[in-house]
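Step one of this worksheet: look at the structure below.
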Amino acid sequence: MLTSFSLVADNATKIDVDSANRIDSLQSLLESTSTIQDKNEIYLSLANEYMKPNDSLSLVYCQKVLQSNPSASNFHLGKAHYLIGLADVNENEFAKSVHSFEKAIKYFELVEDLPYSELGSSYLNLGRAKRFAGNYYLALKNFTKALDFFNEADDQQGVAGCTNHIGIIYSSLGNHDKAREYYLKCEEIYKLYDDNEGRVYLLNNIGYLEEEAGNVDQALQFYGEGLDLARSIDFVMMEIHLMSNVANANINAGNFEKAEQVISKGMQLSKEHETNRLYQFFKISNAKLTLKRDESTKFKKEALEVLDYAKEKEFKFLESVTENVLKDMYLLEGNYKQAYYLSEKLETEKDSINSKQVSKELAFLDSKLKYEEQLNVERLVDQRNQFSKKLIYAVSLFLLLTILLSSYFVRRLKRSNDILKDKNKLLERKDADLKKSSKELEMRNEKLQLYIESNTQLEKFARATSHDIKTPLRTIASFAGLLAKRIKPKLDEKESEYLSYIIDGTERLGVITSDLLNSSVHEEAVNLEYFNLRDLIDNNLQDLAYVIQQTNTKVHVGDLPLEIYADKIKIRRVLQNLLENAIKYASPGISPVICINCRETELNYEFSISDNGIGIDRENHEQVFKTFSRVHDSSQDQGVGLGLSICKNNIEKHGGKIWINPAYNNGTEFCFSLPKEYKSS
Ligand code: ADP
């Protein structure tokens, strides 16, 4: 026997539900992608998804990437060749796969910062292809390189793949102890990473090793374990592969019946899963079984067909297995020449495998691996030391930070406590101030009450006095008038001037007393009713008809609301005061012009009464509404400064406001508002 025919774990994935979903989303992503680089990325992912279940589709996507050259990146080209190489292996095109992996490596080497694992996988698979093609020396060279890259990347599963293959080479050289050593290393890693696929390959290889060492029972035990594991993870290809080895071991052990069963089942399975390569193994096992059990060369033709297949695919292992069977067939037939020819060929090949070059390479690799292991141990110790150092550092840093933070927080807490105390003191002080102000307010309130009372008394007194004065005043006025009529023509200029002073004074006193009588500032509630404002204004104007005529006053009345709901008497008094003032405070020598208007807002009616008189300075706009306040203090004026305060009182009783328009500068414009809906104030 020349070699084991172990496979190696590769990147291929089985199509399962997840994979189908991934394919769907990749396809839809492809439609929305425009750049070549992105497209290539997706093509490669699709190629990866299709690998094994549909190698030809996988190849189509790889070709698309290659076609996009020279725009494609070196990494994508390398990856495409790598995947083509894997598909070639799946299709048993070993010679082709060698070229594909070589090209992949060529492109990968041009990529800057390429992950070492990518190069490692390429070299590993190249080595694997070389081994299939029977070139052990080159296979080893590539495994060594792959191992370097995987170690560099700290990719333990990659390292396991390499040790597995090196184990196979030792096993092929007949160095069973060394092979076991490598397989053991490999198994440790697979166990650590829970890599069941890897373990299936390994059990197959160990089984083969034991078979080679003559321990058939042990070999069958390992194969059996491998078969169980392969079935449990649904790894059909390796299941068939293991069955082929089980068949062969049974033939060698003389268990022909068992071998026959396994062969027929294996043939059926390999046909179902379209694996021609494995089918060839069953064909040759069947030929071997018939030869051994029945001493018949019945399947010689089939054996020759298998040989052709192995040669065409450059599958050295299958070739030598087949040649071994054919050699025995020729011996049985008595065709010693052919038998001798084949024996010699097989011996030469065995020698070539055992060549010094391979042994040297292995010795070199061995020491390298040992050195690597030593380095790993040292690295581990170093890492552990560094970790403890880091841990100590981190813990001290943490402690330091905690101390700093807690002292910071304590200080902050103290500070906010101090601030709180200060604020508390301030509050206490403010509280005392407030109590003081409250007392002052109470006192002022009392004073105000007293003031209001005395004011009311005063008003009452003023009205009572005016009332009492009214009758004698009227007597004085009428007799003064009569006297004037009678004696005026007899009086000289000075005497008649004195008399007119008496009459004017009496008239003025009459106005003052009637104002005082009408100044019911604090009394009476409002009596609301609907009335026509226009009619009310007409009444007012009629009352003033004589003065209007004398002063040549013009009155313009704009649009007014038809009806308002208010106290008619109070509003009449307001209008009367404002109209009288407008005439009273006319500019000397200019006839008064009065405009009455109204505008409606959402809630109020706003009335305005403007004149072209002497106007009121801005700073007195508030002042004039106060009781007894007069801002043009001329002896000519008749009045006591009560009119506007009565207006203010009457309007505010309705919940309205009165003011002087500050923007009006052609005299004075009084404005007052009345709510559309009366609310008791
Ligand atoms: P009076 O009895 O003095 O007219 P009012 O309360 O009616 O009292 O007016 C207060 C003061 O406001 C007046 O003395 C006058 O100086 C000023 N005043 C009132 N209306 C006008 C007006 N239309 N034009 C100019 N000044 C006015």
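Computed from a predicted model, the values in this text were never measured in an experiment. In each ligand, atom 1 is the first atom listed, and ligand 1 is the first ligand listed.
- Checked by distance only, ligand 1 and Ser645 stay at 3.5 Å or farther apart across all their nitrogen or oxygen atoms.
- Between Tyr107 and His81, the two ring planes are parallel [angle under 30°; tilted spans 30° to 60°].
- For ligand 1, the polar-atom distance check finds no N/O of Phe670 at less than 3.5 Å from any of the ligand's N/O atoms.
- Residue-level proximity to ligand 1 for Asn581 is carried by backbone and side chain together, each with a heavy atom below 4.0 angstrom.
- Residue Gly641 places a heavy atom less than 4.0 Å from ligand 1.
- On a distance-only criterion, Ile616 and ligand 1 share no N/O pair closer than 3.5 Å.
- In terms of polar-atom proximity, defined here as any N/O pair under 3.5 Å, Val624 makes no such contact with ligand 1.
- Counting heavy atoms closer than 4.0 Å to ligand 1, residue Asp611 contributes side-chain atoms (C-beta onward) but none from N, CA, C or O.
- By the 3.5 Å distance cut-off applied to N or O atoms, Ile614 is not counted among the residues near ligand 1.
- Within the 4.0 Å heavy-atom shell around ligand 1 one does not find Glu580.
- Taking a 4.0 Å cut-off on heavy atoms, Asn577 fails to register as neighbouring ligand 1.
- Residue Ser629 places no N or O, backbone or side chain, under 3.5 Å from any N or O of ligand 1.
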